[in-house]
Amino acid sequence: MSTHTESGGPALSDLALVWARTRSAADLAALRDAVRRSPGFDPGLDVVDAVAPALARGDHAEAAEVVQRLMPGAFFSPSAHAALAAAHAGLGDDARARAERGLQALAIQSIRSTGDGTREHPWSVLRISDEYDVLRADRRTSQQQTLVAADGASLDRHVCDDGGEAWFDVSRLVRA
């Protein structure tokens, strides 16, 4: 498992394991706050775009290096952990690939734990790209994304290819 640390604090992976065990909102908030304070944290991070050229060439070592350079700020990005899993699998390191797939699944679960994706109970994300990771995990594609102001919150509304909607609370990222 990744051991990315927040300066002067516990390893982010340790905080993730605490949340995985307790599933408490307080432990998830502590993990997310630590990620937000991490060097290089960028709510606009697009790991898929950053790593795609290396993965397309089959250069798994470079793909892993690209994602590692984004850490610790990219920690708990489902895309970051998926890219690391693919890179480690390509390098033949099945144990690290499994660990990163586990972190990817845990990151998706953490987002889903914050709501149900409706306007009334939107999912909360660390990054805009996390929205697309959740939609991909559900095998859905956003056809339209709109920033909406609602009751003092900023929400992203996605109209999906299945005709449904997905709502995300992005109040800590942008203002509507």
Side-chain angles (χ1 to χ4, degrees), residues 1-4 6 11-36 38 40-52 55 63-64 66-68 70-89 94-143 145 155-162 164-173:
M1 188 168 286
S2 301
T3 59
H4 310 288
E6 174 198 3
L12 295 174
S13 57
D14 291 342
L15 293 172
L17 289 172
V18 168
W19 179 78
R21 190 174 54 251
T22 67
R23 301 298 171 128
S24 81
D27 288 334
L28 180 58
L31 169 59
R32 286 178 157 200
D33 287 344
V35 171
R36 286 185 188 99
S38 294
F41 175 74
D42 176 6
L45 176 68
D46 185 349
V47 173
V48 172
D49 189 51
V51 77
L55 287 176
V66 167
V67 180
Q68 287 298 335
L70 298 171
M71 295 293 179
F75 187 81
F76 234 44
S77 159
S79 290
H81 295 295
L84 282 172
H88 291 306
D94 294 334
R96 287 184 75 182
R98 271 191 307 279
E100 292 298 340
R101 280 192 297 275
L103 280 170
Q104 175 193 11
L106 196 60
I108 293 287
Q109 291 167 16
S110 76
I111 295 166
R112 288 189 174 132
S113 77
T114 65
D116 62 10
T118 62
R119 181 181 176 123
E120 296 76 24
H121 303 285
W123 289 308
S124 173
V125 293
L126 285 166
R127 302 165 195 85
I128 299 299
S129 63
D130 296 352
E131 298 176 23
Y132 291 91
D133 291 332
V134 169
L135 294 175
R136 264 191 300 279
D138 290 343
R139 293 184 167 82
R140 300 169 80 190
T141 302
S142 178
Q143 301 295 306
Q145 178 182 5
L155 305 176
D156 262 349
R157 173 185 175 251
H158 291 265
V159 177
C160 298
D161 58 344
D162 62 4
E165 295 180 338
W167 291 81
F168 296 88
D169 185 343
V170 294
S171 298
R172 295 193 67 169
L173 309 177

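Everything numeric here is computed off the predicted structure, so don't read it as measured data.
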Validation row: [X], [Y] side chains within 4.5 angstrom (heavy atoms):
{"X": "R119", "Y": "R157", "result": "no"}
{"X": "Q68", "Y": "L84", "result": "yes"}
{"X": "I108", "Y": "V134", "result": "yes"}
{"X": "S142", "Y": "E131", "result": "no"}
{"X": "V67", "Y": "E100", "result": "no"}
{"X": "R36", "Y": "R172", "result": "yes"}
{"X": "L70", "Y": "D42", "result": "no"}

Is it the case that R21 places NZ or CZ above or below the six-membered ring of W19, under 6.0 angstrom from the centre and within 45 degrees of the axis?
no

Once you round to the nearest 0.5 Å, how far does [atom1] of [X] lie from [atom2] of [Y]?
{"X": "H121", "Y": "D169", "atom1": "NE2", "atom2": "CG", "value": "12.5 Å"}
{"X": "S124", "Y": "W167", "atom1": "OG", "atom2": "CH2", "value": "15.5 Å"}
{"X": "S110", "Y": "R23", "atom1": "OG", "atom2": "CZ", "value": "8.5 Å"}
{"X": "L17", "Y": "L12", "atom1": "CG", "atom2": "CG", "value": "11.0 Å"}

Can you name the nearest heavy-atom pair linking [X] to [Y], along with the distance?
{"X": "L173", "Y": "L126", "answer": "CD2-O, 3.1 Å"}
{"X": "A83", "Y": "V51", "answer": "CB-CG1, 3.8 Å"}
{"X": "L31", "Y": "F75", "answer": "CD1-CE2, 4.2 Å"}
{"X": "Q104", "Y": "P78", "answer": "CG-O, 3.5 Å"}
{"X": "S77", "Y": "V47", "answer": "OG-CG2, 4.0 Å"}
{"X": "R101", "Y": "A85", "answer": "CG-CB, 3.5 Å"}

Step-by-step side-chain contact (heavy atoms from CB on, under 4.5 Å) determination, R32 to T114:
CA-CA 12 Å; R32 286 178 157 200; T114 65; 4.0 Å; yes

Determine whether a donor-acceptor pair (N or O, by modelled atom type, separation under 3.5 Å) exists between the side chain of [X] and the backbone of [Y].
{"X": "D133", "Y": "S79", "answer": "yes"}
{"X": "D130", "Y": "R127", "answer": "yes"}
{"X": "W123", "Y": "F168", "answer": "no"}
{"X": "S129", "Y": "L45", "answer": "yes"}
{"X": "D161", "Y": "T141", "answer": "yes"}
{"X": "S38", "Y": "F41", "answer": "no"}

Intermediate values then yes/no, side-chain contact (heavy atoms from CB on, under 4.5 Å), V48 and R136
CA-CA 12 Å; V48 172; R136 264 191 300 279; 4.0 Å; yes

Sorted by chain and number, sequence neighbours left out, ring-ring contact (aromatic ring centres under 6.0 Å, His included) with H88 holds for none

